[in-house]
There are 2 protein chains.
Amino acid sequence: MQSAAKIDHPCRQCAFYAESVWHPVEQDSLRSLAQNFVRRDLSEGEVLFEQGTDNRGVFCVSRGLIALRTHHADGNSTLLRLAYPGEVIGFRSFLGDGQHQTEARALTPSRVCTVPRSASSHLLQDNPAIMKQLATRCVREIDRTHERICSAATKTYKEQLADLLMTLMDHHGEQQQKGQRHMRLPLSRSDLADLLGVQPETLSRLIKRLEKDGWVQIKGRHVTMLSHPLRDLSASIG
Amino acid sequence: MQSAAKIDHPCRQCAFYAESVWHPVEQDSLRSLAQNFVRRDLSEGEVLFEQGTDNRGVFCVSRGLIALRTHHADGNSTLLRLAYPGEVIGFRSFLGDGQHQTEARALTPSRVCTVPRSASSHLLQDNPAIMKQLATRCVREIDRTHERICSAATKTYKEQLADLLMTLMDHHGEQQQKGQRHMRLPLSRSDLADLLGVQPETLSRLIKRLEKDGWVQIKGRHVTMLSHPLRDLSASIG
DNA sequence: CGGAACGTTGAAAGCTATCAACACCGGTGG
DNA sequence: CCACCGGTGTTGATAGCTTTCAACGTTCCG
């Protein structure tokens, strides 16, 4: 074995290798990436990083579901975003002031790949193309938040909840008999409320109103909806 | 005169030179920057770029005030952001899909410095440090939008309007006699409403309620407020 | 069994959207 | 000079929605 043996890219086995932020890392730096690369498994409810702590690197979700939440001074909190496999988190504080503005917590058992902060910095110096990748993730985040601001200004809470449930169903749903999809909700009622920006009581009533429309049923964490809600049904949501 | 004469950085005379995205441009590329650099003056109400059009470069606000707005399918619109001198706009579509998601319109007579898209791309290739600058602007935009989402979820419209007026006063206000500040509102009532995400009628009533608290007066576009609103006053806003 | 966390329901109060009407202002044209 | 007009901003009344507080039901676990 020679010391110059080709090192395999740590992300190659990942389903999201093609658009990995570390994709641009070239042979010279691959050893550093491979040596510092850390895979970590999180159980449900476990915290990846806490709000207000120093950034310790760049995190990439490999499996599961991570919730990014900011806690406010009054004790309340807002769920800013759900991060699915393939998404990168913690890059804002890595690129920015170095302090996490959000808490990252696993909503389901998850796996996260981490490149520590110092290694990330070095890789970034040697592989400028990585910055372009991070910028792309930034743009995606900006689009996401703009979309959310517009939704909040345009749609009723009921519509927003309907949209949210459809998105969740796309990620977690499984086809069932006769045109129905089913999923286990990965979020508690409080989390759903934090995501919409309403009180839990209101969320409960929104769910009731949604169920009355007939295209979705929600009992506890079990959600069932028509696979292809008719246009006139979704139009009646307003 | 020799052709290798040192070229001055086009942004050097700008008050925001130190944090300009083009600051990292080095001597070799300065000629290209200087040649393509375009200063443009906009009169009040003039459009810099329209939503849905192709990105034509990176824009830096030098003077005045630019409003970034997205128009929705139903004819309504949301004012996403105000861009003050020193801020960069259009970078999202430059880095992203190349289509402007927002409309940029001058709220006051303004000056904008533009580096056309192709020149920007070339400069970015030759000066990778520019990408870091753009990423910093991205992070700032992400922080701004997160802040806004949290505000919307946490504060009442009345508080949001109070915050907005204070921010505007910080930018546009002028000291007056006996601890008062005055400004000419750079936004119409509709724009203010779009910024908060409420209807114009509601904004009118919010203003009335704010005036009843006694620390601010708003007549037309003339706003007067106490220079240092007492703590208990701002606490009574809720 | 008891307790804690989670979720639902009810009633009252407060706020916003909507529709309609009106006031105000600047500019145009007779 | 004045009437008219469109754009802009305000006011009123009503209906619908959310918040808040309090109470109750459920589930899970020690």
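In what follows, every heavy atom counts, from backbone to side chain, and hydrogens, waters and symmetry copies are set aside. Here is how names work: the chains are called A, B, and so on, in the same order as the sequence lines, proteins then strands, and each is numbered from 1.
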Grab the [atom1]-[atom2] distance between [X] and [N] for me, whole Å please.
X: B/L206; N: C/dG14; atom1: CG; atom2: C1'; result: 13 Å
X: A/L192; N: C/dT8; atom1: CG; atom2: P; result: 10 Å
X: A/L203; N: C/dT8; atom1: CG; atom2: C1'; result: 11 Å
X: A/Y157; N: D/dC17; atom1: OH; atom2: P; result: 13 Å
X: B/E201; N: C/dC19; atom1: CD; atom2: P; result: 10 Å
X: A/R209; N: D/dT18; atom1: CZ; atom2: P; result: 5 Å
X: A/R205; N: D/dC21; atom1: CZ; atom2: P; result: 14 Å
X: A/E159; N: D/dC17; atom1: CD; atom2: C1'; result: 13 Å

Select one nucleotide: of C/dT18, D/dT19, C/dG7, the one nearest the side-chain heavy atoms of A/S188.
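Of all the options, the side chain of A/S188 is nearest to C/dG7.
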What's the closest nucleotide to the A/R189 side chain, out of C/dG7, D/dG9, C/dT16?
C/dG7
Presence of salt bridge, A/E141 and B/R92, under 4.0 angstrom:
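No salt bridge links B/R92 with A/E141.
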Do NZ/NE/NH1/NH2 and the carboxylate oxygens of A/R81 and A/E87 come within less than 4.0 Å?
yes
Look at the side-chain N and O atoms of B/K208 and state whether any lies under 4.0 Å from the OP1 or OP2 oxygen of D/dT11.
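Checking D/dT11 against B/K208, a side-chain N or O does come within under 4.0 Å of OP1 or OP2.
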So, does A/T202 get its side chain near the phosphate of D/dT19, meaning an N or O under 4.0 Å from OP1 or OP2?
yes
Under 3.5 Å side-chain donor-acceptor pair for B/S43 and B/E46:
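Their side chains do contain a donor-acceptor pair, which is all the 3.5 Å distance test asks for.
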Do the ring centers of A/F59 and A/F94 come within less than 6.0 Å of each other?
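Centroid separation for A/F59 and A/F94: 6.0 Å or greater.
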What does A/R221 touch in the nucleic acid at a heavy-atom separation under 4.0 angstrom: a base, only the sugar-phosphate, or nothing?
nothing
